2 protein chains.
Amino acid sequence: MPARYLVARELAELFKALAHPDRIRIVEELRSGERDVNALAIALKMTPARTSQYLAVLRLNRLVEERRDGRHHFYFLEQPDVAQWIVTGLTFIERRFNAIDPAQIASVRAIWSAPADPPTSDRTEETSSSPQKD
Amino acid sequence: MPARYLVARELAELFKALAHPDRIRIVEELRSGERDVNALAIALKMTPARTSQYLAVLRLNRLVEERRDGRHHFYFLEQPDVAQWIVTGLTFIERRFNAIDPAQIASVRAIWSAPADPPTSDRTEETSSSPQKD
DNA sequence: CTGATATATTCGCATATGCGCATACAACGA
DNA sequence: TCGTTGTATGCGCATATGCGAATATATCAG
């Protein structure tokens with residue numbers, strides 16, 4: 001079995017794992033440290049169920065790891081470098097359509113490239129009005 | 001509309017475009033210069049129809065460009081850096097499963113990282129036994 | 001220990017998208 | 001016109017997605 005094809009297949013799996021906006025945003029969120037499922041769900045405005053499913057996909061691809069503490073399941077980047085790699089990918093979407101203002105990409109690049117924000121010390125119980133730089 | 005989500009969506013489109021082994025291999029082939037559809041189809045052991053479809057996906061995502069010369073449609077990387085970026089992605093699949101021998105990844109990395117082979121001067125008419133380092 | 005609550009995962013189902021294939025169609029050169 | 005080259009279309013199938021409900025699992029009160 002040709003090695004090049006095998007490797008291409010695994011690469012394709014990696015790309016598939018990241019081929020969803022919400023999964024990319026999860027990686028983005030985790031740059032600044034571990035989060036539990038609920039905190040992620042709130043930050044990304046998703047249900048815990050979907051959040052958990054996306055995390056499962058990322059976990060299967062060895063992109064995140066789980067740490068349990070009581071009822072909370074904390075997730076963190078298993079390979080933090082992947083975040084920077086994704087940022088590099090912004091280079092290749094700048095020429096895509098005109099759907100995106102280059103200034104928006106620049107601002108997102110700045111956010112991702114900046115030293116990660118420490119996790120806000122919010123309690124996970126707060127269900128709304130968490131500060132977001134969306 | 002939150003900029004971060006918009007950008008994440010475009011990134012996800014990029015990942016989707018690359019989320020198939022054959023499309024990755026097309027990028028790989030094009031590292032060494034432009035190829036026409038038939039040459040790619042032969043090298044990748046696919047039908048011209050599928051090859052053309054995959055090229056269309058890559059073209060929509062601004063990863064390849066087309067140059068027509070008579071009956072032949074030549075394709076080449078619009079953003080050659082994307083090949084090196086994909087190679088970097090190999091870093092993140094080395095820990096995936098044990099499906100792949102690390103030595104295989106290393107060899108593929110070497111192939112991709114090496115200065116691209118000049119296109120073999122094969123005629124496109126040869127339908128089999130083209131030299132491959134699979 | 002029992003029951004109630006908080007947290008996270010899994011399941012079932014409907015819909016959408018991607019894939020592979022075959023085939024029809026279009027563009028070009030001889 | 002005829003063969004070559006490439007693209008577009010339609011079909012069957014598999015997989016991904018989104019959502020709500022059901023099911024764990026852990027904590028806590030009594």
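Quick caveat: nothing in here was measured; it's all calculated off a predicted structure. In what follows, every chain begins at residue 1, and chains take the letters A, B, ... in the order their sequences are listed.
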* For A:Arg23, report the nucleic acid contact type (base, sugar-phosphate, nothing); a contact means any heavy atom under 4.0 Å. => sugar-phosphate
Q.
Treating A:Thr51 as the side-chain partner and A:Thr47 as the backbone partner, does any N or O pair qualify as donor plus acceptor under 3.5 Å?
A. yes
In whole angstroms, the gap separating P of C:dA8 from CZ of A:Arg67 amounts to 12 Å
Q: Look at the side-chain N and O atoms of A:Asn38 and state whether any lies under 4.0 Å from the OP1 or OP2 oxygen of C:dA6.
A: no
note: A:Phe15, atom CZ; D:dT15, atom P; distance rounded to Å ~ 22 Å
Checking D:dG18, D:dG6, C:dA8 against the side chain of A:Arg50 (C-beta onward), the nearest is D:dG18
**Asked** Does B:Gln79 reach the side chain of B:Glu65, with side-chain heavy atoms less than 4.5 Å apart?
**Response** no
Under 30°, 30 to 60°, or over 60°: which ring-plane class applies to B:Trp85 and A:Trp85, parallel, tilted or perpendicular?
parallel
Using only atom types and a distance under 3.5 Å, with no angle test, would you say the side chain of A:Arg23 pairs donor to acceptor with the backbone of A:Lys16?
yes
Which of A:His73, A:His72, A:Glu34 passes side-chain hydrogen bond (donor to acceptor under 3.5 Å, both in side chains) with A:Arg67? Answer is A:Glu34
Atom CZ of B:Phe74 and atom C1' of C:dA27 are separated, to the nearest Å, by 15 Å
Please produce a list of atom pairs where a protein N or O lies less than 3.5 Å from an N or O of nucleotides 20-26 of chain D.
none

For A:Ala17 and A:Leu58 the tightest heavy-atom approach is O-CD2, 4.0 Å
Check whether any side-chain N or O of B:Tyr54 sits under 4.0 Å from OP1 or OP2 of C:dG20, and answer yes or no. yes
Separation of C:dG20 atom P from B:Asp22 atom CG, nearest Å, is 7 Å
Here the distance between atom P of C:dA8 and atom CD1 of A:Ile42, to the nearest Å, is 10 Å
Is there a side-chain contact between A:Leu18 and A:Leu63 (heavy atoms, below 4.5 Å)?
-> yes
Between CD of A:Glu13 and C1' of D:dT15 the distance, given in whole Å, is 11 Å
| message | Quick check on C:dA8: is either OP1 or OP2 less than 4.0 Å from any side-chain nitrogen or oxygen of A:His72? | response | yes
Contact under 4.0 Å: A:Ser52 side-chain N or O vs C:dA8 OP1/OP2
no
Here the distance between atom C1' of D:dT5 and atom CE of B:Met46, to the nearest Å, is 16 Å
From CG of B:Asp36 across to C1' of D:dT4 the rounded distance in Å is 12 Å
